[in-house]
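We name chains A, B, ... by the order of the sequence lines, and we start the count at 1 in each one.
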2 protein chains.
Amino acid sequence: MSIETDIKQKKFRSPFQKLALNLVYTTKWLEYKQLESFKEHDITPQQYNVLRILRGQQGNPIKVSDITERMLDKSSNTSRLVDKLLAKNLAKRTSCESDRRAVDVVITEEGLDLLKVLDPFIEDWENRFNIISEAEAEQISALLDKLRENENQA
Amino acid sequence: MSIETDIKQKKFRSPFQKLALNLVYTTKWLEYKQLESFKEHDITPQQYNVLRILRGQQGNPIKVSDITERMLDKSSNTSRLVDKLLAKNLAKRTSCESDRRAVDVVITEEGLDLLKVLDPFIEDWENRFNIISEAEAEQISALLDKLRENENQA
DNA sequence: ATACATTTAATGTATTAACATCTATTGGCA
DNA sequence: TGCCAATAGATGTTAATACATTAAATGTAT
């Protein structure tokens, strides 16, 4: 369904306004859909994001601040997110030898198992995107990168 | 900056995964940037969304449930959002004659004034999008619409 | 007309988020 | 070395969100 129909707005100030609204709307839609898979396994999208980052480390520990850097939502409170993962035995936390302020985080077997369960759901969602072509997906990604370019402009 | 650099992930499972992550990342980025304008005026993005919908009514009252239908985030608690707007005298609430379950909401002069102050900031943000062409913006919008098409698929 | 399901909005509650503050540790430099 | 700013992460607090429940009004079918 078109964004016009979805939010019942017939006219937009410009194609750029329409795009901005469509970006927010489509992302909320995507997050809401994925949330359904997550909540069955008692995990939030943010916690999932952290778990994926931990798995990407392939066994190597990573500092909390480095997790934050890689997150989609960099404003989140990673310290508390890790707390939640610890409480569920999905991650381990050990103090960092070289810098005693820092904390090393590693995913547990249980965490890897959970991701294995979630993987097919997420992949299924991503695969639904092949209603557009790979080239189109790449092109949108490139244009999104471009939109974020002038971040520090006046 | 490319999404690869921003989230420090070199490889993606597919262009579709990359697009999914880029959509979420870019939208968080956009929301965060706009938040800076909003919080100076003691308003949240959701409250702003409601105000814009109210202004779009051009003086006609609109029911709470109809506001929800038009919101970007349809899962939000519109009743409480309207409460907040009322507390700040940005909106008025009157009971609906034809259906006494419903509640009619109208924007106040003060609400219109606030939007007038915020308009230039929002327009400025949207205009930064003209780093891509209008045609490209339309094209992305069309592709986003397409992504949401197979909503009720297996 | 009555009973019952549906709709509309408000509210209760628990979780999460946003933002500032605090503590411990480190690094740089006089 | 001793001092101070910077960094890392934890924590406190307030507000917002998500989800379920409640209450009133309406629609519908018998």
Side-chain angles (χ1 to χ4, degrees), chain A residues 24 27-29 31-50 53 61-88 91-106, chain B residues 24 27-29 31-51 53-54 61-88 91-106:
Chain A
V24 174
T27 300
K28 298 271 180 212
W29 168 83
E31 285 181 327
Y32 184 77
K33 289 289 162 183
Q34 291 192 341
L35 193 64
E36 293 175 6
S37 302
F38 288 147
K39 66 184 170 193
E40 285 174 31
H41 297 93
D42 191 32
I43 197 174
T44 68
Q46 303 254 50
Q47 290 170 21
Y48 175 76
N49 195 192
V50 173
I53 290 165
I62 180 172
K63 289 194 301 174
V64 171
S65 56
D66 289 340
I67 296 175
T68 307
E69 265 198 334
R70 294 170 193 225
M71 288 195 69
L72 295 173
D73 183 354
K74 299 193 193 308
S75 68
S76 48
N77 194 330
T78 310
S79 187
R80 282 198 174 108
L81 286 175
V82 171
D83 278 347
K84 291 286 158 63
L85 295 178
L86 250 86
K88 288 183 269 198
K92 272 183 303 193
R93 184 158 58 180
T94 56
S95 67
C96 178
E97 310 264 314
S98 58
D99 184 343
R100 280 192 297 166
R101 288 168 303 180
V103 164
D104 277 336
V105 184
V106 185
Chain B
V24 174
T27 300
K28 298 270 181 214
W29 168 83
E31 285 181 328
Y32 184 76
K33 289 289 162 183
Q34 291 193 341
L35 194 64
E36 292 175 5
S37 302
F38 289 147
K39 67 185 172 194
E40 285 174 32
H41 298 92
D42 189 33
I43 196 171
T44 67
Q46 304 254 47
Q47 289 169 21
Y48 175 76
N49 193 193
V50 173
L51 272 187
I53 290 165
L54 292 179
I62 180 173
K63 289 194 299 173
V64 172
S65 58
D66 289 340
I67 295 174
T68 307
E69 265 199 336
R70 294 171 192 223
M71 288 195 69
L72 295 173
D73 182 355
K74 301 193 192 307
S75 69
S76 49
N77 196 331
T78 310
S79 186
R80 280 199 176 106
L81 286 175
V82 171
D83 278 349
K84 292 286 158 60
L85 296 179
L86 249 86
K88 288 181 270 197
K92 272 182 302 192
R93 185 157 59 181
T94 57
S95 66
C96 177
E97 311 264 315
S98 58
D99 184 343
R100 281 191 297 168
R101 289 169 304 182
V103 165
D104 277 335
V105 184
V106 185

Could you tabulate the donor-acceptor pairs under 3.5 Å formed by side-chain atoms of residues 77-88 of chain B, not counting sequence neighbours?
residue	atom	partner	partner atom	Å
B/Thr78	OG1	B/Thr68	OG1	2.7
B/Asp83	OD1	B/Arg93	NH1	3.1
B/Asp83	OD1	B/Arg93	NH2	2.9
B/Lys88	NZ	B/Asp42	O	2.8
B/Lys88	NZ	B/Gln47	OE1	2.6

Nearest whole angstrom, please: distance from the P of C/dA17 to the CG of B/Leu35. 15 Å
Please determine if a side-chain N or O atom of B/Lys39 lies less than 4.0 Å away from the OP1 or OP2 oxygen of C/dA18. no
Reading DNA chain D from 5' onward, which residue's closest nucleotide shows up sooner: A/Asp66 or A/Tyr32? A/Asp66
How long is the line joining CG of B/Asn49 and C1' of D/dT17, in whole Å? 15 Å
For A/Lys39, all residues meeting side-chain contact (heavy atoms from CB on, under 4.5 Å), sequence neighbours excluded: none
Rounded interatomic separation in angstrom, taking CG from B/Asp42 and C1' from C/dC19: 14 Å
For A/Lys33 and D/dA18, what is the distance between atoms NZ and P respectively, to the nearest whole Å? 15 Å
Please tabulate the protein-to-nucleotide N/O contacts below 3.5 Å involving nucleotides 10-16 of chain D, giving atom names and distances.
residue	atom	partner	partner atom	Å
D/dA10	OP1	A/Arg93	NH1	3.0
D/dA10	OP2	A/Ser79	OG	2.1
D/dA10	O5'	A/Ser79	OG	3.2
D/dT11	O4	A/Asn77	ND2	3.4
D/dG12	N7	A/Arg80	NH2	2.7
D/dG12	O6	A/Arg80	NH1	3.0
D/dA16	OP2	B/Lys84	NZ	3.0

For B/Lys28, give me all partners under side-chain contact (heavy atoms from CB on, under 4.5 Å), at least two apart in sequence or on another chain. A/Glu31, A/Asp73, B/Val24
Between C1' of D/dC19 and CG of B/Asp73, the distance in whole Å: 14 Å
Measure the CH2-NZ distance between A/Trp29 and B/Lys74 for me, rounded to the nearest 0.5 Å. 13.5 Å
Does D/dT30 have a Watson-Crick or wobble partner in any strand here, with both distances under 3.5 angstrom, and which is it? C/dA1
N or O in side chain of B/Lys63 less than 4.0 angstrom from C/dA9 OP1/OP2: no
Roughly how many Å is it from CD in A/Glu69 to C1' in D/dG9, rounded to a whole number? 15 Å
With sequence neighbours excluded, residues passing salt bridge (charged side-chain N to carboxylate O under 4.0 Å, His left out) with A/Glu40: none
Partners of A/Asp104 by side-chain contact (heavy atoms from CB on, under 4.5 Å), sequence neighbours excluded? A/Pro61, A/Lys63, A/Thr94, A/Cys96
Listed by chain and number, what are the side-chain hydrogen bond (donor to acceptor under 3.5 Å, both in side chains) partners of A/Thr27, not counting sequence neighbours? B/Thr27
B/Arg101 meets the side-chain contact (heavy atoms from CB on, under 4.5 Å) criterion, sequence neighbours left out, with B/Asp99
Between C/dA17 (C1') and A/Met71 (CE): distance, integer Å: 12 Å
Got a second to check how far B/Tyr48's OH is from B/Leu51's CG, nearest 0.5 Å? 8.5 Å
Under 4.0 Å between a side-chain N or O of B/Ser65 and OP1 or OP2 of C/dA9? yes
N/O to N/O distances under 3.5 Å, protein versus nucleotides 22-28 of chain D:
residue	atom	partner	partner atom	Å
D/dT26	OP1	B/Arg100	N	2.9

Integer-rounded Å distance: C/dT15 C1' and A/Leu85 CG: 15 Å
